[in-house]
Amino acid sequence: MEKLTRERPLSQTIDKDGAHSGDAFPRMRLRRLRSSSTLRAMVRETHVRAEQMIYPLFLVEGEGIKKPISSMPGIHQQSIDEALREIEECVNEGLQSIILFGVPRDKDTEATGAWSDKGIVQEATRRIKKHFPELMVVADTCLCEYMSHGHCGIVADGQILNDPSVQILARAAVSQARAGADIIAPSDMMDGRVAAIRSALDENGFEHVPIMAYSAKFSSAMYGPFREAAESAPQFGDRTTYQMDPANRREALREIELDLKEGADMVMVKPALLYLDLIREAREMTRVPIAAYNVSGEYAMVKAAAEKGWLDEKRVVQETLTSIVRAGADLIITYHARDMARWLQE
Ligand code: PBG
Ligand code: ZN
């Protein structure tokens, strides 16, 4: 060994992992570093932290309402008073951020509930920030929950119009910021909405409010349970003319590039698990924080298998969230956030 290293230049004997090139098995044994849980913890490369998880809440009008969503065990539609109670538990569990979705009683064709200062998300934001000023409140900015037809934009002659939708989205974002939202998260996939929202926020004195853009949002079959929770299923057609084709990797990178040019502070890949490759590519392409949305269908699959006793829920969730972070996500929107936060405290 002595002789070998002296005879060859160092660069040839030590590869990039620090292993001596002559040191194959049996001298080199990777199992050595796996021999005890203490040692495994010391060399563990990826950690999920409570601070990087964002927990979604579905808000309805009224009081004392807490209605379970059948396809998402543990998740509810709830009135603001009930949400405040749950948020208190979230904070005690170590969570620091939530994302709000509104489920208004009245829907129309202008998405009035999305941009009205009296909208459910605006009202909830004001009350939540009053009680929990430190909590990061992310406002999902979209129109589908507020539209009678369930699409994410203005509809005319069966078409989802881009530019008029962008105007309304910008208005919704300003109204959410005015209510105290800390982060604006447009999820509609209209072209040009990040730039329009940035300008509108700046013109109204919210230049300090960041935008977390749902940049690479795919037209996925994994949103089914969410649409039950948010009552936002499209009443005709589907979302394939605005959300992305799951087959398109290069186009996803273009979406991310464009949103960054338009002023996004953070970008998102959604769903997370079926698109881990894109989380990794996004991570390598940009230096901005990357969010991943571990969506409702991904949650429902784990829950259903766990309820049947087919999977160990805790281990699956830990592995799932670790994989999303390992792929390159800085932030994870996940319905598992409360369970995970509790397990992290154990
Ligand atoms: C609405 C929106 C959706 C989700 C987040 N915001 C659904 C959709 O596009 O139909 C999905 C989240 C989930 O499935 O958990 N624009
Ligand atoms: Zn939408």
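Whatever order the structure lists them in is the order used to number ligands and atoms, beginning at 1.
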Honestly, for D140 the part within reach of ligand 1 (heavy atoms, under 4.0 Å) is side chain
Is K217 in polar range of ligand 1, meaning some N or O pair under 3.5 Å apart? yes
In terms of its nearest heavy atom to atom 15 (O) of ligand 1, the top option of Y242, Y223, F101, Y335 is Y335
*Evaluate salt bridge (Lys or Arg N to Asp or Glu O under 4.0 Å) for D339 paired with K314, printing each intermediate quantity in order.*
CA-CA 8 Å; D339 288 331; K314 180 175 170 182; over 6 Å; no
Logged contact type for Y299 with ligand 1, heavy-atom cut-off 4.0 Å, is neither
| message | How about CD on Q159, more than 12 heavy atoms from neighbouring residues, nucleotides or ligands closer than 6.0 Å, or not? | response | no
Does the side chain to side chain contact (heavy atoms under 4.5 Å, CB included) test come out yes or no for K67 and Q78, once each step is laid out? CA-CA 6 Å; K67 190 175 154 218; Q78 53 193 330; over 6 Å; no
Residue, atom and distance of the protein heavy atom nearest atom 14 (O) of ligand 1 read S296 OG, 2.7 Å
**Asked** Under 3.5 Å, N or O to N or O, is E145 touching ligand 1 that way?
**Response** no
Verify the distance criterion only: is there a donor paired with an acceptor across the side chains of S187 and D140 at less than 3.5 Å?
yes
Ranked by distance from atom 10 (O) of ligand 1, the top protein heavy atom is R227 NE, 2.6 Å
*asked:* Determine whether the aromatic ring centres of residues F236 and H151 are separated by less than 6.0 angstrom.
replied: yes
Angle subtended at the Zn ion (ligand 2) by C152 SG and C144 SG, to the nearest 10 degrees, is 110°
Within 4.0 Å of some non-hydrogen atom of K270, the atoms of ligand 1 are 2 (C), 3 (C), 4 (C), 5 (C), 6 (N), 11 (C), 12 (C)
With heavy atoms and a 4.0 Å threshold, my read on which part of P225 contacts ligand 1 is neither
- Task: Check the angle between the aromatic planes of Y299 and H336 and answer parallel, tilted or perpendicular using the 30° and 60° thresholds.
- Result: tilted
Indicate whether the side chain of E228 and that of S71 have a donor and an acceptor atom separated by less than 3.5 Å. yes
Mutual orientation of the aromatic rings belonging to Y275 and F218 [parallel < 30°, tilted 30-60°, perpendicular > 60°]: parallel
**Message:** Side chain or backbone, does Y214 bring an N or O within less than 3.5 Å of an N or O on ligand 1?
**Reply:** no
Open item on the list: Within 2.8 Å of the Zn ion (ligand 2), is there any N, O or S atom belonging to H151?
Closed with: no
Crowding at CD, E134 (>12 non-hydrogen neighbours, <6.0 Å)
no
d(E123 CD, K118 NZ) to nearest 0.5 Å is 10.5 Å
Counting from 1 in the order shown, the ligand 1 atoms closer than 4.0 Å to a non-hydrogen atom of C144 are 1 (C), 16 (N)
Per-atom filter on ligand 1: closer than 4.0 angstrom to a heavy atom of Q243 are 8 (C), 9 (O)
So the atoms of ligand 1 within less than 4.0 Å of a heavy atom of C142 turn out to be 16 (N)
